[in-house]
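As the structure is a prediction and not an experimental result, all values here were calculated from the model.
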Amino acid sequence: MAGRPLARRALLVAAARLAGGAVGAGPVLTALAGSPPAGADPLANLGPTDLTGWSASGLAAAQEQAVGLGTTAVIVLRHGRPVAGWGEVARKVDVASVRKSLLGALIGIAVAEGRLALDATLADLGIDDVPPVLTVDERRATLRDLLMARSGIYHPAAHETAPMKRDRPARGSHPPGSFWYYNNWDFNALGTIWRRATGEDIFAGFERRIARPIGMQDFTAADGRYVREPASEHPAYPFRLSARDAARFGQLYLDKGSWAGQPIVPAGWVEASTTAWSPSDRSRQGYGYLWWVPPTDAFGPGAAYAAGFGGQMIAIVPARGVVVAVTTEWRGGGRKVRGSELLRLLAAILQAAPP
């Protein structure tokens with residue numbers, strides 16, 4: 001315990017240097033700069049870190065909190081400009097269920113292109129599964145139901161956790177659209193639906209349609225993989241992302257789907273995805289289209305986050321103009337960070353932010 005006050009003072013000094021325009025974290029933060037020309041990319045060639053109005057001591061406390069949790073990296077942006085970067089911001093990690101929000105952006109583009117319709121049923125889309133096959137009632141579930149995790153289809157799925165398997169409702173217990181349940185079957189089937197509708201690989205499509213246009217520095221199609229299991233014909237699709245690439249994706253959603261003035265994801269889709277359509281099993285939180293929605297009274301209107309097992313988060317807080325990206329490499333003996341701990345970290349960062 002004797003070392004903690006000294007560590008705390010060191011963090012305060014580092015934050016104070018940042019506030020004064022020193023280069024204490026410069027190599028981390030300038031690493032956000034991408035390849036597009038100056039002025040074309042809201043994160044490129046930004047010059048000094050913008051800490052105007054931020055509490056240096058508050059940021060230092062948040063950094064200490066992030067380090068204590070064992071996170072791999074944290075990026076904080078405000079109004080598209082870097083505020084803080086802690087840890088290995090270029091290190092790619094498996095971001096687990098953040099994959100669902102990433103796929104959601106591709107689905108929004110496909111809907112806008114007329115390749116998919118939200119009211120299309122699984123029967124319309126030709127979606128079934130291995131025996132025990134889907135029932136007639138289950139195949140009445142729509143694309144919108146799956147996006148909202150309200151399909152009512154409780155078939156075994158690939159890449160499920162033990163609690164998912166344990167808590168899965170009985171087949172046929174809830175009609176489509178009537179009940180929210182965080183269901184990997186829905187999320188995996190959405191991947192199959194997108195691939196069939198577009199004829200593209202998920203990861204190549206993400207690289208071409210999103211990663212390259214917004215200047216992601218680290219992601220390539222090789223950073224995705226499919227997880228197939230005998231229990232279902234619909235594979236999971238984990239992604240590996242760096243914190244700095246995750247921050248760019250968050251900025252894209254904070255800016256309502258546009259990047260440097262160019263629409264990438266339809267603005268209406270971003271709004272629908274980050275709207276709480278259902279109450280969830282997480283205290284006072286809602287669920288949109290593959291995004292979590294925290295309480296408005298705590299985080300302001302429009303706040304939402306993508307979350308992944310073990311300590312992955314991409315959070316947008318429009319009321320404060322803030323994006324926070326967190327990655328955690330817990331495999332190999334690292335600590336798993338809980339979602340509630342990440343929300344407390346987000347709250348600590350916002351406490352240090354300008355009003």
Pairs meeting criterion ring pair (Phe, Tyr, Trp, His ring centres under 6.0 Å) with involvement of residues 110-130, two or more places apart: none
Check: W277 ring centre within less than 6.0 Å of Y287 ring centre: no
Test of ring centre spacing under 6.0 Å for Y305 and F299: no
Donor-acceptor contact present, side-chain [X] to main-chain [Y], <3.5 Å:
X: H155; Y: V130; value: yes
X: D128; Y: V133; value: no
X: S280; Y: Q285; value: yes
X: S55; Y: A352; value: no
X: T274; Y: V270; value: yes
X: R195; Y: I202; value: no
X: R139; Y: L134; value: no
X: T275; Y: E271; value: yes
X: R115; Y: A110; value: no
X: Q63; Y: W86; value: no

Min side-chain heavy-atom separation [X]-[Y] under 4.5 Å:
X: L106; Y: T198; value: no
X: Q262; Y: P213; value: no
X: L143; Y: L190; value: yes
X: V324; Y: V74; value: yes
X: S232; Y: P156; value: no
X: T192; Y: P235; value: yes
X: L103; Y: F187; value: no

Salt bridge (Lys or Arg N to Asp or Glu O under 4.0 Å): pairs with one or both residues in residues 171-189, sequence neighbours excluded: E138-R171
Salt bridge (Lys or Arg N to Asp or Glu O under 4.0 Å) evaluation trace for R140 with D124: CA-CA 9 Å; R140 292 193 178 105; D124 296 333; over 6 Å; no
Which residues share a side-chain hydrogen bond (donor to acceptor under 3.5 Å, both in side chains) with R344, sequence neighbours left out: none
Residues in side-chain hydrogen bond (donor to acceptor under 3.5 Å, both in side chains) contact with R208, at least two apart in sequence or another chain: E200
Chi angles and distances behind the salt bridge (Lys or Arg N to Asp or Glu O under 4.0 Å) call for R284, D297: CA-CA 10 Å; R284 300 183 62 227; D297 59 357; 2.6 Å; yes
Salt bridge (Lys or Arg N to Asp or Glu O under 4.0 Å) between E88 and R244, intermediate numbers included: CA-CA 9 Å; E88 300 174 80; R244 62 185 181 180; over 6 Å; no
Residues which pass side chain to side chain contact (heavy atoms under 4.5 Å, CB included) with K92, listed by chain and number, not counting sequence neighbours: D218, D223, R240, S242
Test side chain to side chain contact (heavy atoms under 4.5 Å, CB included) applied to A221 - qualifying residues, sequence neighbours left out: F203, A204, E207
Stacked cation flag R99 on Y237, 6.0 angstrom / 45 deg: yes
Test: R282 cationic atom under 6.0 Å from W292 six-membered ring centre, within 45° of axis: yes
Side chain to side chain contact (heavy atoms under 4.5 Å, CB included) assessment of L51 paired with L59: CA-CA 10 Å; L51 280 154; L59 279 176; 3.2 Å; yes
Aromatic plane relationship, F249 with W291 - under 30° parallel, 30 to 60° tilted, over 60° perpendicular: parallel
Pair D50-T52, side-chain hydrogen bond (donor to acceptor under 3.5 Å, both in side chains): steps then yes or no: CA-CA 6 Å; D50 187 356; T52 305; 2.9 Å; yes
Test log, rule salt bridge (Lys or Arg N to Asp or Glu O under 4.0 Å), inputs R228 and E233: CA-CA 7 Å; R228 294 179 169 86; E233 69 180 49; over 6 Å; no
Sole candidate of D281, D167, I153 that passes side-chain contact (heavy atoms from CB on, under 4.5 Å) when paired with Y181: D167
Option among E160, H234, R168, K165 that satisfies the side-chain contact (heavy atoms from CB on, under 4.5 Å) test with N184: E160
L116 CG to L125 CG distance, which is reported to the nearest 0.5 Å: 7.0 Å
Spatial distance of atom CG (D94) from atom CZ (R225) [nearest 0.5 Å]: 5.5 Å
Working for side-chain hydrogen bond (donor to acceptor under 3.5 Å, both in side chains), residues S273 and W269: CA-CA 6 Å; S273 298; W269 183 262; 3.2 Å; yes
side-chain hydrogen bond (donor to acceptor under 3.5 Å, both in side chains) between D255 and S258, intermediate numbers included: CA-CA 6 Å; D255 288 341; S258 289; over 6 Å; no
I264 vs L252, side chain to side chain contact (heavy atoms under 4.5 Å, CB included): CA-CA, chis, key distance, verdict: CA-CA 8 Å; I264 305 296; L252 174 68; 3.8 Å; yes
